[in-house]
Amino acid sequence: MRIHLGADCPLNLEATLCCGQAFRWKKQAEWWIGVTEQGPFKIRQHTSHLESENVSASYVKEYFGLKDNLPNIYARIGRDRVVREAIQEFSGLRILRQDPWECLVSYVCATYKSIPAIKSMIQKLCGKFGDETHFEGRSHHSFPTSTALAEATIAELEQCGLGYRAKYVSGTARIVSKGAVDLEQLRQVSYEQARKELLRFPGVGYKVADCVSLFSLGKLEAFPVDVWMRRAILRHYTRHLPRKLATNMKSEKSLSNAEYEKLSQFGRSHFGEYAGYAQEYLYHHERLHGLGLTIDQH
DNA sequence: CAAGTGCCTTTATC
DNA sequence: AGATAAAGGCACT
């Protein structure tokens, strides 16, 4: 399957898959191999087109956010020198449209964990509770269903390295498997409404709700603030913040909900309806140039 | 190589 | 409301 990428439709597949929105992609030679709700497939990028196998073109366009008009988005978020520099560095990076259920569980697991550790947890969860499929002679696992995780014991979940997150994943799985919340339906409602619904799940606070809103529900105004974004804001945007908030951020304490909301709202008001894109570019920019310099080696 | 630090935070408890 | 502590364990230095 070939998909043409014109000059008006840039894509950086490597950047999009490699650092931190989705945790299950692996590179083998030039191919990226992944398993989504569509099953296992592989994809690679040539200069001006995508080549994929075992997946439909329409799904690829949807999953990789190819319908997002990046040139327009860049024009809208390119409000200052810092974002414009980040856009230059990671040009073609796109926000994925992941399966909301997988995204929700992944980010519940992700709280207070490093990216390599998150990948390890998710891999174990899939190996233990996902369905086995075969693709090109290799074994793969689907992401576990909500029922599979609802039926798992806390001890089994802990064995996947979830620690105290095991009970949150279990609780969240029970709510979804009961049908009490329809995650797909959240794609149809506003960002505020979706976030409010997500906050009802155990283990989901503002940060996780924003990540799920952005990386799976297509709420492009969501502006998740993690430790890296906090550092990026502190480094480049303190003059846009109230004096008191800026001072508080310099301490190493974690953000209160009120502080989180102020930073996230700053993002939305400064960058507008595509603030989530600005967030992703700034996040990667900060990881690359920040002092903490720990780049993920998958 | 051991020990220390940090991690795409949330919840419980004051 | 707002501050504070506690919560796996893994990956990296």
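Per chain, numbering begins at 1; letters A, B, ... match sequence-line order. Remember, it's a predicted structure, so these values are computed and weren't measured experimentally.
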Problem - Distance in angstrom units between A:Phe215 CZ and B:dC8 P, rounded - result: 12 Å
Problem - Nearest-angstrom distance from the residue atom CG of A:Leu255 to P of B:dT11 - result: 15 Å
Practice task
Provide the distance between the two P atoms, one in B:dT10 and one in C:dA11, to the nearest whole Å.
Solution key: 22 Å
Practice task
Could you check if the base of C:dG8 is syn or anti? Syn means the glycosidic torsion is within 90 degrees of 0.
Solution key: syn
Practice task
Look at A:Asp182 together with A:Arg187 and state whether they make a salt bridge at an N to O cut-off of under 4.0 Å.
Solution key: no
Problem - Atom-to-atom span, OH of A:Tyr112 to C1' of B:dC7 - whole angstrom - result: 7 Å
Handout entry: Consecutive-pair stems (3 or more, Watson-Crick or G-U, under 3.5 Å) for DNA chain B
Key = B:3-7 with C:9-13, B:9-14 with C:2-7
Fill in the blank from the handout: Comparing A:Thr111 with A:Ala117, nearest DNA chain C nucleotide closer to 5' gives the residue A:Thr111
Handout entry: Pair A:Lys196 + A:Glu192, salt bridge at N-O below 4.0 Å
Key = no
Problem - A:Thr111 side chain reached by A:Tyr168 side chain, heavy atoms, under 4.5 Å - result: no
Exercise for the section: Would you mind reading off the distance between A:Leu245 atom CG and C:dG2 atom C1', rounded to a whole angstrom? Expected result: 15 Å
Problem - Residues A:Arg44 and A:Glu51 bridged, charged N to O under 4.0 Å - result: yes
Handout entry: d(CD, A:Gln123; C1', C:dA11) in whole Å
Key = 15 Å
Practice task
Take the angle between the ring planes of A:Phe41 and A:Trp25 and call it parallel below 30°, perpendicular above 60°, tilted in between.
Solution key: perpendicular
Practice task
Round to a whole Å and report the spacing from CG of A:Leu104 to P of B:dC8.
Solution key: 19 Å
Nucleotides 12-14 of chain B: which of its N/O atoms have a protein N/O under 3.5 Å away?
none

Handout entry: Atom-to-atom span, NZ of A:Lys119 to P of B:dC8 - whole angstrom
Key = 11 Å
Fill in the blank from the handout: Assert: residue with more 5' nearest nucleotide on DNA chain B, out of A:Asp226 and A:Leu199, is A:Asp226
Problem - Minimum-distance nucleotide to A:Lys207 side chain [options: C:dG8, B:dT10, B:dC7] - result: B:dT10
Exercise for the section: Compute the ring centroids of A:Phe90 and A:His285, then answer whether they are less than 6.0 Å apart. Expected result: no
Practice task
Determine: side-chain N/O of A:Arg165 to OP1/OP2 of C:dA6, distance under 4.0 Å, yes or no.
Solution key: no
Practice task
Looking at every strand, decide which applies to A:Tyr260 at a 4.0 Å heavy-atom threshold: base, sugar-phosphate, or nothing.
Solution key: nothing
Exercise for the section: Answer yes if the side chains of A:Arg243 and A:Thr247 hold a donor-acceptor pair under 3.5 Å, and no otherwise. Expected result: no
Handout entry: Nucleic acid contacts - residues 76-96 of chain A versus DNA chain B, non-hydrogen atoms under 4.0 Å
Key = none
Practice task
Mind checking A:Val204 for me? I need base, sugar-phosphate or nothing, with any heavy atom below 4.0 Å counting as a touch.
Solution key: sugar-phosphate
Exercise for the section: Anything under 30° is parallel, anything over 60° is perpendicular, the rest tilted; go ahead and classify A:Phe135 against A:His140. Expected result: tilted
Exercise for the section: With P as the reference atom in both, quote the distance from C:dA5 to B:dC8 in angstrom, rounded to an integer. Expected result: 23 Å
Exercise for the section: Kindly say whether A:Cys109 contributes a backbone atom to a donor-acceptor pair with the side chain of A:Arg165 at under 3.5 angstrom? Expected result: yes
Problem - Distance, rounded to the nearest Å, where A:Met121 contributes CE and C:dC10 contributes P - result: 10 Å
Exercise for the section: Output yes when A:Glu14 and A:Lys27 qualify as a salt bridge under the 4.0 Å nitrogen-oxygen rule, no when they do not. Expected result: yes
Exercise for the section: Please confirm whether A:Tyr281 and A:Tyr74 have ring centers closer than 6.0 angstrom. Expected result: yes
Problem - Sugar-phosphate, base or nothing in reach of A:Val208, heavy atoms under 4.0 Å - result: sugar-phosphate
Handout entry: A:Gln21 side chain vs A:Arg94 backbone, donor-acceptor pair below 3.5 Å
Key = yes
Handout entry: Sugar-phosphate, base or nothing in reach of A:Phe23, heavy atoms under 4.0 Å
Key = nothing
Problem - Donor-acceptor contact present, side-chain A:Asn54 to main-chain A:Pro40, <3.5 Å - result: yes
